[in-house]
Amino acid sequence: MAKIIKNSGLSLFCVSTLMLSGCATFSASYPNKMKQVKADAASGNIPEAQKAFIDEFGDKPTTDNLYLLEQARLAQLNGNLAESKKDYQAVIQTVATSKMAAKVQVSKMLENMGAVLTNDRELPFSTPDYAMTFLYPYQALNYLSENDLSGALVAIRQLSNAQYWTYQQKLMAGDLQSKYQKDTSKAGVDQNKLGLNKSSEINQMFSAVKDASNAYENGFGYYLASILYQAFDDNYNNAFVSIKDAKRLLPDNPYVLRTYKEIERGFNGGDAYESGKGRLVVLYEQGFVTPREAFKLPLFLGKLGLQEVAVAYYPSKYTLLPAKDLYITQDKKIIDKGQTSLLVNTTQMAMKSLTEEYPAIITREVIRLVVKSLATYEASNQAGGWGLLAGSIYSFMTAQADERSWLLLPNNIQLFEQQYTPGKYTLDIALKETPVDIKSNKTTLLWIVNMGDFTKVYHFII
């Protein structure tokens with residue numbers, strides 16, 4: 001843990017600019033600002049949630065990715081597909097689609113030293129990898145709602161772009177460390193003695209995601225891709241690749257395994273559908289993702305002694321909403337019953353993503369503190385020495401942690417899958433009944449979004 005920072009470095013900057021960029025931002029945290037929006041959504045009133053969102057954040061131009069993501073999600077749930085597609089697409093256009101594009105974006109960020117020294121809350125929101133794994137499927141579902149399977153596939157094919165964000169964070173941390181090496185050394189910062197391994201918050205968060213390989217892949221995206229590809233492509237190649245990825249991530253999910261066997265049959269020249277049957281797929285979203293919290297992280301910074309920086313984290317203990325019982329009835333008789341199985345734990349993905357971002361976050365915090373300290377130290381002609389300076393740092397290190405994240409994402413998504421003979425059925429899940437139409441050799445997809453008293457069902461036959 002102590003090696004999160006490697007060879008941190010910084011260079012002296014204009015004293016006046018440093019002091020200005022250290023000004024505190026004492027506005028409410030992002031999770032607090034979103035409370036009313038979420039409360040209105042959970043009460044079942046999406047239009048009121050949209051109004052609360054505009055009241056809190058204003059009617060901004062399409063330049064803030066987080067604003068666009070939240071607004072697109074609300075528009076989608078309110079049935080305004082055109083606005084939702086437009087806002088999602090505006091975010092998609094900012095995503096790096098290759099390592100070279102990721103490098104270019106990092107270079108542009110580092111060209112502005114003032115931006116590097118600005119508190120993270122004031123920096124443009126960078127859409128993280130885990131958020132992208134919802135962004136592309138949600139855009140695909142927008143197109144599917146317009147009966148545009150080709151458009152849905154164009155969106156879902158971009159899932160792999162999420163990996164470049166993680167690469168970008170590592171690049172950012174490394175480039176910052178190299179760029180500011182000289183002056184961190186001057187301040188006596190030792191990357192092996194920062195004391196990160198003494199933080200219970202960090203240790204618990206890292207421990208909670210130790211079994212997650214990454215945050216740029218999720219079972220929701222891969223599973224949705226597999227059934228979309230199957231509906232579009234008779235040769236099953238793309239469908240089989242996607243369902244294999246879903247199976248790799250979720251080896252114990254019985255419905256992923258069932259769909260895998262079905263698509264494997266089709267890939268090997270057989271029929272994915274049982275004779276005369278059609279498939280029912282239920283994607284059940286529930287609740288809200290856990291928001292970030294803030295804490296003060298003590299760091300030992302050489303000649304500056306022990307200093308605190310404000311950073312965001314996810315508590316290792318959080319609520320994961322449980323699986324749902326469901327019943328399939330026909331002519332008022334129960335013909336099948338089961339329980340959903342976890343497809344994606346959004347909070348765990350968000351937590352894993354934050355741990356991947358920590359090297360860049362901690363590097364920026366160390367650089368800001370040391371750069372401003374050196375500026376003060378040298379501007380005062382070194383009067384009083386390092387000891388006096390270390391005791392006065394608090395006056396310009398009062399910025400708050402960046403707790404921004406996409407808060408209208410679900411707590412988790414559950415999956416159910418089974419094949420039935422063609423006909424009219426009723427699905428009963430969470431005490432809500434939904435009519436279901438099963439057609440031979442087709443997949444009936446129910447995308448159900450539940451947030452408190454709000455439930456919306458999307459019905460597709462592909």
Looking at every heavy atom in both N45 and E48, which two are closest together, and how far apart are they? OD1-N, 3.0 Å
Where do L408 and R73 come nearest, in terms of heavy atoms and distance? O-NE, 2.9 Å
Interatomic distance, CG@L427 vs CD1@I448, rounded to 0.5 Å, equals 5.5 Å
Point-to-point distance, once rounded to the nearest 0.5 Å, from CD of Q414 to CG of N345: 9.5 Å
Taking NZ in K456 as the centre, count heavy atoms belonging to other residues, nucleotides or ligands within less than 6.0 Å. Is the count above 12? yes
Which of parallel (below 30°), tilted (30 to 60°) and perpendicular (above 60°) describes F460 and Y458? parallel
Looking at OH of Y222 and CG of L250, how far apart are the two atoms once the value is rounded to the nearest 0.5 Å? 11.0 Å
When you check the gap from the basic side-chain N to the acidic O, do R364 and D120 get nearer than 4.0 Å? yes
Looking at Y167, is K99 sitting on its ring face, NZ or CZ under 6.0 Å from the six-membered ring centre and within 45 degrees of the normal? yes
Nearest 0.5 Å please: distance from the CD1 atom of I429 over to the OG1 atom of T455. 10.0 Å
Is K38 positioned over the aromatic face of F288, cation under 6.0 angstrom from the ring centre and no more than 45 degrees off axis? yes
Test V189 against L194 for side chain to side chain contact (heavy atoms under 4.5 Å, CB included), laying out the working first. CA-CA 8 Å; V189 173; L194 291 176; 4.1 Å; yes
Any heavy-atom pair between the side chains of N412 and L320 that's under 4.5 Å? yes
Can any side-chain N or O of S84 pair as donor or acceptor with the backbone N or O of N80 at less than 3.5 Å? no
State whether the side chain of S43 and the backbone N or O of D40 hold a donor-acceptor pair below 3.5 Å, judged by distance alone. yes
Residue pair F134 / W406, side-chain heavy-atom distance below 4.5 Å: yes
Using the side chain to side chain contact (heavy atoms under 4.5 Å, CB included) rule, take Y223 and E417 through it: C-alpha gap first, then chi angles, then the decisive distance, then the call. CA-CA 11 Å; Y223 188 89; E417 190 262 29; 3.4 Å; yes
Side chain to side chain contact (heavy atoms under 4.5 Å, CB included) evaluation trace for L301 with V366: CA-CA 8 Å; L301 301 179; V366 170; 4.1 Å; yes
Are T127 and N65 close enough that a side-chain donor and a side-chain acceptor fall under 3.5 Å? yes
Passes side chain to side chain donor-acceptor pair (under 3.5 Å), Y30 versus E70? Steps please. CA-CA 12 Å; Y30 186 76; E70 305 284 24; 2.8 Å; yes
Would you please name every residue forming a side chain to side chain donor-acceptor pair (under 3.5 Å) with Q348, sequence neighbours left out? none
Heavy-atom pair with the smallest gap, counting every atom of S405 and Y130: CB-OH, 3.6 Å
Would you check if N218 and M349 make a side-chain contact, meaning some heavy-atom pair closer than 4.5 Å? yes
Indicate yes or no for a side-chain donor-acceptor contact from S107 to the backbone of K103 under 3.5 Å, with no hydrogens or angles considered. yes
With a 4.5 Å cut-off on side-chain heavy atoms, are K324 and Q339 touching? no
Walk me through whether Q105 and Q168 qualify under side chain to side chain donor-acceptor pair (under 3.5 Å). CA-CA 8 Å; Q105 288 186 358; Q168 203 168 43; 2.7 Å; yes
Aromatic rings Y358 and F206: how do their planes relate, parallel, tilted or perpendicular, breaks at 30° and 60°? perpendicular
Could you walk me through whether Y284 and I413 pass side chain to side chain contact (heavy atoms under 4.5 Å, CB included), step by step? CA-CA 5 Å; Y284 188 86; I413 302 180; 5.9 Å; no
Electrostatic pair E365:R368 at N-O distance under 4.0 angstrom: yes
I'd like to know if the side chain of Q76 pairs up with that of Y138 as donor and acceptor (distance under 3.5 Å, no hydrogens or angles considered). no
Verify side chain to side chain donor-acceptor pair (under 3.5 Å) between E433 and T426, making sure each step is shown before the conclusion. CA-CA 6 Å; E433 291 188 348; T426 298; 5.6 Å; no
Can you tell me how far the OG1 atom of T94 sits from the CG atom of L68, to the nearest 0.5 Å? 8.5 Å
Have a look at Y136 and tell me which of V154, L224, L141, N161 forms a side-chain contact (heavy atoms from CB on, under 4.5 Å) with it. N161
May I ask you to decide if S199's main-chain N or O and N203's side chain share a donor-acceptor pair within less than 3.5 Å? yes
Close side-chain approach of E308 and L299, heavy atoms under 4.5 Å: no
Testing the 3.5 Å rule here: is there a donor-acceptor pair between the side chains of N32 and S29? yes
side-chain contact (heavy atoms from CB on, under 4.5 Å) partner of T443, chosen from V281, L280, L228: V281
Are side-chain N/O atoms of N450 and Q286 paired as donor and acceptor at under 3.5 Å? no
How close do D402 and R121 get, heavy atom to heavy atom, and via which atoms? CA-CG, 3.6 Å
Ignoring hydrogens and geometry, is there a side-chain-to-backbone donor-acceptor pair from N214 to Y216 under 3.5 Å? yes
Decide yes or no for E146 and K85: does some side-chain heavy atom of the first lie under 4.5 Å from some side-chain heavy atom of the second? yes
Of the non-hydrogen atoms in A162 and T133, which two are nearest, and what is the gap between them? CB-CG2, 4.2 Å
Any luck finding a side-chain donor-acceptor pair between S98 and Y164 under 3.5 Å? no
Assess the side chains of E356 and T166: does a donor N or O sit below 3.5 Å from an acceptor N or O? no
H459 NE2 to L445 CG distance, which is reported to the nearest 0.5 Å: 9.0 Å
Closest contact, heavy atoms only, M451 versus L77: CE-CD1, 3.5 Å
Any side-chain heavy atom of L176 within less than 4.5 Å of one from M172? yes
Quick test of your reading of the model: are R292 and E357 salt-bridged, counting only N-O distances below 4.0 Å? yes
Can Q163 and D129 be counted as having a side-chain donor-acceptor contact under 3.5 angstrom? no
Using distance alone, with no hydrogens and no angle criterion, decide if N119 and E122 have a side-chain donor and acceptor under 3.5 Å apart. no
Under the side chain to side chain donor-acceptor pair (under 3.5 Å) rule, what do Y314 and E293 come out as? Steps first, then yes or no, please. CA-CA 6 Å; Y314 286 98; E293 297 181 12; over 6 Å; no
Should K51 and D55 count as an ion pair when the cut-off is N to O under 4.0 Å? yes
Are any non-hydrogen side-chain atoms of S316 and M205 less than 4.5 angstrom apart? no
Ring centers of F53, Y67 separated by less than 6.0 Å: yes
Side chains of S226 and S242: is there a donor and an acceptor less than 3.5 Å apart? no
